[in-house]
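Quick notes on the structure that follows.
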Amino acid sequence: MSACVGKCVFLMLSRDWAIGHDKLQWILYERRKRREEWYWNPFGYVTTKAIIVRVLREKGVHLDDDAWNLIEKLPGSFREWHATHATGS
């Protein structure tokens with residue numbers, strides 16, 4: 001995994017929703033527009049896949065089956081995911 005500067009989005013769920021990370025947790029992002037510029041707005045910091053699903057559902061996010069399948073393929077916790085994706089950290 002390369003070092004990230006700024007936002008580390010690694011999983012695009014749709015045009016407007018993504019999952020990123022820092023060294024401690026996954027970060028749920030919503031695409032927003034300010035003036036004429038689009039940006040990723042972090043709205044949830046989570047450590048388990050179950051919380052990702054809960055937050056997206058509580059927020060009323062509509063994703064297609066492919067996106068839900070991508071989420072399902074994540075390990076149960078950020079710690080498990082990070083152990084296989086971090087290098088030298």
Side-chain angles (χ1 to χ4, degrees):
M1 175 173 66
S2 60
C4 294
V5 178
K7 302 198 177 19
C8 292
V9 172
F10 74 93
L11 189 60
M12 295 296 299
L13 301 175
S14 71
R15 186 181 77 133
D16 295 324
W17 302 97
I19 299 175
H21 69 91
D22 60 20
K23 65 182 181 178
L24 301 174
Q25 67 238 323
W26 285 313
I27 305 169
L28 300 173
Y29 288 104
E30 178 180 16
R31 193 169 81 118
R32 293 265 181 100
K33 189 173 187 179
R34 181 181 303 134
R35 297 182 189 99
E36 295 302 316
E37 188 173 323
W38 289 97
Y39 66 98
W40 288 110
N41 182 56
F43 73 90
Y45 298 85
V46 299
T47 57
T48 68
K49 178 170 56 176
I51 296 172
I52 290 173
V53 171
R54 189 189 84 213
V55 169
L56 291 172
R57 288 191 172 140
E58 286 177 356
K59 191 154 174 72
V61 175
H62 297 285
L63 298 174
D64 63 22
D65 289 341
D66 290 338
W68 288 114
N69 288 334
L70 289 172
I71 293 169
E72 184 57 36
K73 289 178 183 177
L74 291 171
S77 72
F78 175 78
R79 187 175 292 176
E80 293 173 70
W81 179 85
H82 193 258
T84 61
H85 290 82
T87 57
S89 49

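Here the structure is a predicted model, which means the values were calculated and not measured. Computed from heavy atoms alone, side chains included, the values below leave out hydrogens, waters and symmetry copies.
Looking at L63 and L70, their side chains never come closer than 4.5 Å, going by heavy atoms from C-beta outward. The shortest side-chain heavy-atom distance between Y39 and Y29 does not fall under the 4.5 Å cut-off. Put simply, the side chain of F43 reaches to within 4.5 Å of the side chain of W17, judged on heavy atoms.
Residues satisfying the side-chain hydrogen bond (donor to acceptor under 3.5 Å, both in side chains) test with E37, not counting sequence neighbours, are none.
E80 approaches G76 most closely through the heavy-atom pair OE2-N, 3.7 Å. Residues W40 and M12 share a closest heavy-atom pair of CZ2-CE, 3.5 Å.
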Tell me which donor-acceptor pairs under 3.5 Å the side chains of residues 51-60 have, and how far apart each pair is, sequence neighbours excluded?
{"residue": "R54", "atom": "NE", "partner": "E58", "partner atom": "OE2", "Å": "3.4"}

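Of the inter-residue distances, the one linking D64 atom CG with L13 atom CG reads 9.0 Å to the nearest 0.5 angstrom. Note that OG1 of T48 is 12.0 Å distant from CZ of R79, once rounded to the nearest 0.5 Å. With rounding to the nearest 0.5 Å, the separation of CG in L24 from OH in Y45 is 11.5 Å. One distance of note links CG of N41 with CD1 of I27; it measures 11.5 Å at 0.5 Å rounding.
The environment of NZ in K33 is crowded: more than 12 heavy-atom neighbours from other residues, nucleotides or ligands sit within 6.0 Å.
Ring geometry for W81 against H85 counts as parallel: the plane angle stays under 30°, on a 0 to 90° scale with 60° as the upper cut.
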For this session: Might you work through the side chain to side chain contact (heavy atoms under 4.5 Å, CB included) test for K49 and I71, ending with a clear yes or no?
Result: CA-CA 7 Å; K49 178 170 56 176; I71 293 169; 4.1 Å; yes
Exercise. Checking side chain to side chain contact (heavy atoms under 4.5 Å, CB included) for the pair V9/I19: CA distance, chi angles, key distance, verdict?
Worked result: CA-CA 6 Å; V9 172; I19 299 175; over 6 Å; no
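In this structure, R31 contributes its side chain and W38 its backbone to no donor-acceptor pair below 3.5 Å.
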